[in-house]
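No experiment lies behind these values; they were computed from the predicted model shown.
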Amino acid sequence: ALPIWPDQGSGLATAPEDRPERAKWGLPHLPDGWAVVDTRHAGPFITRAHLRRPDGRLVEWRSRAHRKRLGLGGDEASTGRRARRPSPSCWWMAGLFAGGSICFAFGSIPLFFNAVASSVVSATFFGGSVLFTTASIIQYDESRAAPSSIGAGATKRPLRQRLLGASPGDLGWWAAAIQLGGTLFFNLSTFAATQSNQDLEQARRLIWAPDLLGSACFLVASWLAFLEANAGARPRPDGSVGWRIAAINLGGSVAFGVSAIAARYLTSGQPANIALVNLGTCLGAVCFLIGAILLPLEAAKGAPVATPST
């Protein structure tokens, strides 16, 4: 494999003495004869790279597409022109995220929570949080299963390595790990909400605090996922489905964050702004639902169209 030394200022490959070893984070090993033309990154993480194959063809590697095994941009051999078939794990992840989103959306609609018992509403939110956690486990496994190399012979990591290891050099892994933690906080919060006879201090500690932490985790995870898909903080829409998913999910996480802040319990025992709580939860859930629906479409389309080399 060739050593890669991205210059964070220009995005071009530079000499080893210009950048420390940690600046290589994100790019897998390259087959013999492949060369890096230029790179784009978010902080120390490489998120895109133009590569020159031994036959002279220029292709584009993207970290999100690599993790989801969508192939290389500009490489017809890896992406093909025909529609791809989403993997079973993609369908499961999309279905579980969609199911959790529907539960959270319904639970925050007045027509629903005014027509059923409060225990049913609480159970709906808890069930939705469990679906979110299950989907996030699949997403985390996807981030660990990403091949450590590029090329036809690249295979995903064995299950044992995925379960016991970590991928701190991969921005997508950080996003998946933090989001998984956020879903666990939502599990705690929504389960506590199913319990009756809680005083104000217990409600703040067991319901609101985990909800706030879970929303914060979702916001951080969505921001990292957007940085990966966008190749930086400044918005650069590229028309890809992956970019749209990251942007929509970021909007959903912002809405969840607003809802969590508005849910702060007052001394009266009521949330600070119940209308904003419901609105933020519903809008966030709808955003996550759209993002989930787009996941199989992203898989079917394959790698995004390659952008011009700098």
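- Contact between W174 and P168 at its shortest, heavy atoms only, is NE1-O, 2.8 Å.
- We find the NZ-OG distance between K301 and S240 to be 9.5 Å, quoted to the nearest 0.5 Å.
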Verdict with reasoning, F113 to F106, per side-chain contact (heavy atoms from CB on, under 4.5 Å): CA-CA 8 Å; F113 63 70; F106 266 98; over 6 Å; no
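- Here L96 contributes atom CG and S101 contributes atom OG; the two are 10.5 Å apart, rounded to the nearest 0.5 Å.
- Heavy-atom minimum distance, A105 versus S108: O-OG, 2.9 Å.
- Of the candidates L250, V254, I248, C287 forms a side chain to side chain contact (heavy atoms under 4.5 Å, CB included) with just one, namely I248.
- No donor-acceptor pair closer than 3.5 Å links the side chain of R85 to the backbone N or O of A300.
- Partner R48 forms a side chain to side chain donor-acceptor pair (under 3.5 Å) with one of D38, T39, D238 and no other, that one being D238.
- A donor-acceptor pair under 3.5 Å is absent between the side-chain atoms of S259 and the main chain of A255, judged by distance alone.
- Put simply, CD1 on I290 and CZ on R244 are 12.5 Å apart, with the number rounded to the nearest 0.5 Å.
- Linking Ile, Leu, Val, Met, Phe, Trp and Tyr residues whenever their side-chain heavy atoms come within less than 4.5 Å places I46 and L30 in a single cluster.
- Taken together through direct or relayed side-chain contacts under 4.5 Å among Ile, Leu, Val, Met, Phe, Trp and Tyr, V277 and L188 form parts of separate hydrophobic clusters.
- The structure places CG of L180 at 6.0 Å from CD1 of I137, a figure rounded to the nearest 0.5 Å.
- Tracing side-chain contacts under 4.5 Å through hydrophobic residues (I, L, V, M, F, W, Y), one reaches L297 starting from L295; they form part of the same cluster.
- Panel note: side chain R204, backbone Y265; a donor-acceptor pair is recorded below 3.5 Å.
- Qualifying ring-ring contact (aromatic ring centres under 6.0 Å, His included) partners for F97, counting only residues two or more places apart in sequence or in other chains: none.
- Both F125 and I102 are part of a single hydrophobic cluster, where members link through side-chain heavy atoms under 4.5 Å apart.
- Here the closest non-hydrogen pair linking W34 and V59 is CZ3-CG2, 4.0 Å.
- H66 places a side-chain N or O within donor-acceptor distance of the main-chain N or O of P147, the cut-off being under 3.5 Å.
- Nearest heavy-atom pair across A192 and I207 is CB-CG1, 3.8 Å.
- Between the N230 side chain and the R234 main chain, a donor and an acceptor come within less than 3.5 Å of each other.
- The list of side chain to side chain donor-acceptor pair (under 3.5 Å) pairs with a residue in residues 131-141, not counting sequence neighbours, reads T133-T183, T133-N187, Y140-W173, D141-R162.
- S143 and R67 form no side-chain donor-acceptor contact under 3.5 Å, judged by distance and modelled atom types alone.
- Formation of a donor-acceptor pair under 3.5 Å by the R144 side chain with backbone atoms of A166 is found in this model.
- In this structure, W91 is not a member of the same hydrophobic cluster as I293, with clusters built from ILVMFWY side-chain heavy atoms closer than 4.5 Å.
- Between A306 and G74, the closest heavy-atom pair is CB-N, 4.0 Å.
- Counting only residues at least two apart or in different chains, side chain to side chain donor-acceptor pair (under 3.5 Å) contacts with residues 189-201 comprise S129-T190.
- Put simply, CD on E60 and CG on L72 are 9.5 Å apart, with the number rounded to the nearest 0.5 Å.
- Checked by atom type and distance alone, the side chain of W208 never pairs as donor or acceptor with a backbone atom of A203 at under 3.5 Å.
- Counting heavy atoms from C-beta on, the side chains of S89 and E142 never come closer than 4.5 Å.
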Between F45 and S63, does a side-chain contact (heavy atoms from CB on, under 4.5 Å) hold up when you go through it step by step? CA-CA 9 Å; F45 300 95; S63 55; over 6 Å; no
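- To the nearest 0.5 Å, atom CG of residue L289 and atom CG of residue L294 are 9.5 Å apart.
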Evaluate the side-chain contact (heavy atoms from CB on, under 4.5 Å) criterion for residues L224 and Q179: first the C-alpha distance (whole Å), next the side-chain angles of each, then the deciding distance (0.1 Å), finally the verdict. CA-CA 10 Å; L224 294 179; Q179 180 166 317; over 6 Å; no
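- Applying the side chain to side chain donor-acceptor pair (under 3.5 Å) test to residues at least two apart or on different chains, the pairs with a partner in residues 214-227 are S222-S253.
- Residues F185 and D211 fail the side-chain proximity criterion, which asks for heavy atoms closer than 4.5 Å.
- F288 has its ring centre no less than 6.0 Å from the ring centre of F104.
- A search for side-chain hydrogen bond (donor to acceptor under 3.5 Å, both in side chains) contacts involving S119 returns nothing, not counting sequence neighbours.
- With a 4.5 Å cut-off on side-chain heavy atoms, L51 and V36 count as touching.
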Carefully, step by step, assess T47 and L227 under the rule side-chain contact (heavy atoms from CB on, under 4.5 Å). CA-CA 8 Å; T47 58; L227 288 178; over 6 Å; no
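- A donor-acceptor contact shorter than 3.5 Å links the side chain of R236 to the backbone of A231.
- When every heavy atom of V121 is checked against every heavy atom of V116, the shortest pair comes out as CG2-CG2, 3.6 Å.
- For the pair W243/P304, no side-chain contact is recorded, criterion being any heavy-atom separation below 4.5 Å from C-beta on.
- F191 pairs by the ring-ring contact (aromatic ring centres under 6.0 Å, His included) definition with F126, not counting sequence neighbours.
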